[in-house]
Amino acid sequence: MPKSTEPAPDATANPLQPISAGIVAALVGFTSSFAVVLTGLRAVGASPAEAASGLLAVCVTQALGMLYLARRYRQPITLAWSTPGAALLAGTGAVVGGWPAAVGAFVVVGLLVVATGMWPRLGALITSIPTSLAQAMLAGVLLPLCLKPVTAFAASPAVIAPVVLVWLVLQRYSKRWAVPAAFGAATIVIGIDVVAGDRVPNASELIPRVDFTVPHWTWQAIIGIALPLYIVTMASQNIPGMAVMKSFGYDVPWRPAMSVTGIGTVIGAPLGGHTINLAAISAALAAAPTAHPDPRRRWIAASSAGWFYLLLALCSAAVATLVAVAPAGVVETVAGLALLGTLGASLAGALRDETGREAAISTFLIAASGIGIFGIGSAFWALVVGLVLRWVLAARPIE
């Protein structure tokens with residue numbers, strides 16, 4: 001049960017309140033970042049059908065995980081796909097072994113998450129990585145995607161301007177709905193372009209289906225995708241997710257949460273799903289008093305989000321098809337706008353520690369560069385260089 005100092009529940013509370021809060025949490029979570037997921041999966045080698053299957057997989061696995069955890073522990077434990085992790089995939093690009101190797105890396109991430117729950121020392125090792133370096137690596141990974149709205153606008157201002165304008169207006173009046181509204185504007189732009197170009201997709205392309213991929217393991221994919229994806233998922237999703245829940249008086253059971261998300265990741269990987277984890281932003285939508293005055297009833301919000309995600313999974317093929325027929329730059333613009341807030345928070349976290357600022361800046365620049373050495377992406381090298389520089393530049397203790 002949650003530890004709460006809140007007043008007694010209001011007997012007149014609307015019984016539909018937690019259900020509507022869960023639906024909003026799922027809808028905002030899906031529409032605000034599915035473009036990032038599809039972009040990341042396509043970048044590491046997934047075909048449009050495989051990317052659609054991956055979106056379906058993460059929707060279903062996180063939905064089932066939420067339904068189990070919320071009902072079992074009577075807490076509003078919400079899960080999400082790793083949006084920063086998808087952005088990392090977009091910056092990493094294809095690896096040795098192609099898409100099957102990327103799928104193998106996703107399996108490794110899931111196993112590492114399960115091991116983190118079972119073996120506390122592994123979790124302690126992740127938390128020992130300086131926050132500034134982890135945030136700098138994430139910021140560097142996000143930068144290229146966040147620049148997409150700028151470059152896309154320069155290339156096609158008439159196509160991109162409506163999307164950016166809608167996002168800007170909603171930023172002023174309702175930030176929560178800014179990215180979903182931008183996606184709505186993008187849908188209209190895509191629809192007009194598709195009709196004008198007589199490129200209307202077949203109805204069969206809108207039907208969700210799974211596409212199984214046999215995992216393949218290469219050391220380049222394990223080092224270049226699995227390790228950075230695991231670190232980003234833990235540092236920017238699972239640990240903050242625990243902190244958000246704690247702020248609302250809930251002690252999330254660590255081992256079961258890691259086991260559920262890790263096993264869900266392993267199961268979803270062959271179907272194209274990259275990672276599921278504890279939610280951070282949407283966690284607040286289900287755990288806050290706005291979900292229900294009685295903290296003992298807010299678990300219904302997380303359960304409702306799980307059921308609604310199962311419905312949203314049916315839209316996976318449709319949105320993937322929409323992305324596939326979109327004019328150049330439109331989907332990338334939505335993805336970039338969705339990540340601006342995360343980029344800002346990452347930069348703030350990276351530069352907060354003055355003593356390690358040089359190492360953090362170096363980490364950021366290397367991650368943003370997109371360089372690959374020995375077939376391993378820039379995120380891994382950024383973290384390695386950052387750790388080395390932080391150690392070399394550390395101040396000597398005063399004797």
Side-chain angles (χ1 to χ4, degrees), residues 26-59 81 83 86-87 89-90 142 144-171 174-209 211 272 308-309 311-341:
L27 190 60
V28 171
F30 183 91
T31 57
S32 64
S33 58
F34 79 85
V36 184
V37 174
L38 293 174
T39 300
L41 295 178
R42 292 289 300 274
V44 291
S47 67
E50 289 165 339
S53 177
L55 182 61
L56 173 67
V58 289
C59 283
W81 53 60
T83 301
L89 298 179
L142 295 176
L145 271 179
C146 291
L147 288 173
K148 291 295 184 182
V150 180
T151 56
F153 183 86
S156 305
V159 175
I160 304 301
V163 179
V164 176
L165 182 60
V166 168
W167 174 82
L168 186 60
V169 171
L170 268 293
Q171 277 286 317
S174 181
K175 286 189 175 183
R176 177 187 301 175
W177 296 102
V179 174
F183 167 66
T187 302
I188 295 174
V189 170
I190 295 170
I192 294 173
D193 182 79
V194 166
V195 173
D198 194 21
R199 296 181 290 109
V200 180
N202 297 324
S204 60
E205 298 178 39
L206 308 180
I207 301 174
R209 68 185 182 93
D211 200 314
F308 197 68
Y309 259 112
L311 293 178
L312 290 172
L314 300 177
C315 303
S316 57
V319 296
T321 300
L322 191 69
V323 168
V325 300
V330 173
V331 175
E332 291 81 358
T333 294
V334 176
L337 295 175
L339 292 170
L340 284 179

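Residue indices begin at 1 and follow the sequence shown.
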List the atom of V194, the atom of V325, and the distance in Å for their closest heavy-atom pair.
CG2-CG2, 3.6 Å
Over all heavy atoms of both residues, which pair between L55 and V58 is shortest? Give the atoms and the distance, please.
O-CG2, 3.2 Å
Between side-chain atoms of residues 147-155 and protein atoms elsewhere (two or more places apart, or another chain), which donor-acceptor pairs fall under 3.5 Å?
| residue | atom | partner | partner atom | Å |
| --- | --- | --- | --- | --- |
| T151 | OG1 | L147 | O | 3.4 |
| T151 | OG1 | K148 | O | 3.1 |

Minimum heavy-atom separation for F30 to C59, with atom names?
CE1-SG, 3.6 Å
With rounding to the nearest 0.5 angstrom, report the CD1 to OG1 distance, I207 to T321.
10.5 Å
Over all atoms of both residues, closest heavy-atom pair of W177 and L170
O-CG, 4.0 Å
Does the side chain of L340 reach to within under 4.5 Å of the side chain of W167, using non-hydrogen atoms?
yes
Side-chain contact, heavy-atom cut-off 4.5 Å: W81 with T83?
yes
Atom pairs and distances, donor-acceptor, side-chain atoms in residues 183-193, under 3.5 Å, two or more places apart:
| residue | atom | partner | partner atom | Å |
| --- | --- | --- | --- | --- |
| T187 | OG1 | F183 | O | 2.8 |
| D193 | OD2 | R199 | NH2 | 2.1 |

Taking every non-hydrogen atom, the tightest pair across V163 and V159:
CG2-O, 4.2 Å
Kindly compute the distance separating OG1 (T31) from CG (L312), expressed to the nearest 0.5 Å.
8.5 Å
With distance as the sole test, does S33 use its side chain to make a donor-acceptor pair with the main-chain N or O of G29 at under 3.5 Å?
yes
Check residues 326-336 and write down every donor-acceptor pair under 3.5 Å in which the side-chain atom is one partner and the other belongs to a residue at least two apart or another chain.
| residue | atom | partner | partner atom | Å |
| --- | --- | --- | --- | --- |
| E332 | OE1 | G329 | N | 3.3 |
| T333 | OG1 | G329 | O | 2.6 |

Can I get a per-line list of side-chain donor-acceptor pairs under 3.5 Å for residues 37-54, giving both atom names and the distance, sequence neighbours left out?
| residue | atom | partner | partner atom | Å |
| --- | --- | --- | --- | --- |
| T39 | OG1 | A35 | O | 2.7 |
| R42 | NE | A46 | O | 3.4 |
| S47 | OG | E50 | N | 3.2 |
| S47 | OG | E50 | OE1 | 3.2 |
| E50 | OE1 | S47 | N | 2.8 |
| S53 | OG | D211 | N | 2.9 |
| S53 | OG | L271 | O | 2.6 |

Of the non-hydrogen atoms in A182 and L337, which two are nearest, and what is the gap between them?
CB-CD1, 4.4 Å
For Q171, what residues pass the side-chain hydrogen bond (donor to acceptor under 3.5 Å, both in side chains) criterion, not counting sequence neighbours?
none
